[in-house]
Enquirer: 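One structure is given below, represented as structure tokens, and several questions about it will come after.
Counting starts at 1 for both ligands and their atoms, in listed order. For reference, positions follow the sequence shown, starting with 1.
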Amino acid sequence: MKFVSIIIGSKSDNEVMQECAKILEKFSVAYEIIVSSAHRSPQRTHDYVLNAEKKGAKVFIAAAGMAAHLAGAVASLTTKPVIGVPLSASTLGGVDALLSTVQMPGGMPVATVAIGKAGAVNSAYLAMQILALEDKELNVKLKEDRVLKAKKVETDSISIESLI
Ligand code: RP5
């Protein structure tokens, strides 16, 4: 079965990454979420990625904080698209994870999104946009979502004008 694989570096990353899971659920996209660390459990990460690909993972989302090598490690194990979510888990506020995740060498891409909650949400949307290349029904849902977002901007503008 086709699904999105979400790997988080620690249980402490789960709360933010539930924002990603919520969006996938809203669009009825199958996913699984596991804890596996590039540093603390490299063998588990290795075995999981190979197995997940065999089971039908089409896109990987890897989220980690601090010296966040998880997305890069996942990218080294698969040619499926890997989305990296840098998380704020230290006094550096996620900039450490951002640089660790985004600065991949040429030929080993990690599509890196924003730090924290916005990145978690965008990782879900980006994963769905990738799946939607071959899934017309999902593509329609994503287009409808954009229409709703545009309508919301219009509604918000009206309430601001009425305050003047
Ligand atoms: C990273 O270190 C994890 O992704 C997490 O964001 C951070 C801190 O992990 P814990 O010490 O909370 O397990 O590997």
Enquirer: Count I, L, V, M, F, W, Y as connected when their side-chain heavy atoms are under 4.5 Å apart, and connections chain through other members. Are Val85 and Phe3 then in the same cluster?
Expert: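 No, no single cluster joins them.
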
Enquirer: Could you tell me whether the side chains of Gln43 and Tyr48 share a donor-acceptor contact shorter than 3.5 Å?
Expert: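 Side chains of Gln43 and Tyr48: no pair found under 3.5 Å.
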
Enquirer: If you measure from atom 12 (O) of ligand 1 to every heavy atom of Ser37, Gly9, Ser12, which option wins on shortest distance?
Expert: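 Checking each option, the heavy atom nearest atom 12 (O) of ligand 1 is found in Ser12.
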
Enquirer: After noting the C-alpha distance and the side-chain angles of Ile61 and Met17, does the key distance pass the side-chain contact (heavy atoms from CB on, under 4.5 Å) rule?
Expert: CA-CA 10 Å; Ile61 295 173; Met17 289 310 291; 3.9 Å; yes

Enquirer: By number and element, which atoms of ligand 1 are closer than 4.0 Å to a non-hydrogen atom of Asp13?
Expert: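 Those atoms are 3 (C), 4 (O), 5 (C), 6 (O).
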
Enquirer: Could you find the nearest protein heavy atom to atom 10 (P) of ligand 1 and give me its residue, atom name and distance?
Expert: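 Result: Ser10 OG, 3.4 Å.
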
Enquirer: For ligand 1, is there an N or O atom under 3.5 Å from any N or O atom of Ala89?
Expert: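 No - when backbone and side-chain N and O of Ala89 are compared with those of ligand 1, no distance drops under 3.5 Å.
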
Enquirer: Any ion pair linking Asp145 and Lys149 (charged N to carboxylate O, less than 4.0 Å)?
Expert: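 Looking at Asp145 together with Lys149, the answer is yes, because their closest N to O distance falls below 4.0 Å.
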
Enquirer: State whether the side chain of Arg44 and the backbone N or O of Val35 hold a donor-acceptor pair below 3.5 Å, judged by distance alone.
Expert: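 Yes; judged by distance alone, with no hydrogens or angles, the pair exists.
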
Enquirer: Which of these, Met66, Lys11, Arg40, has its nearest heavy atom closest to atom 11 (O) of ligand 1?
Expert: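 Among Met66, Lys11, Arg40, the closest heavy atom to atom 11 (O) of ligand 1 belongs to Arg40.
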
Enquirer: Of all the non-hydrogen atoms in the protein, which one sits nearest to atom 2 (O) of ligand 1, and at what distance?
Expert: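 That would be Gly65 O, 3.8 Å.
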
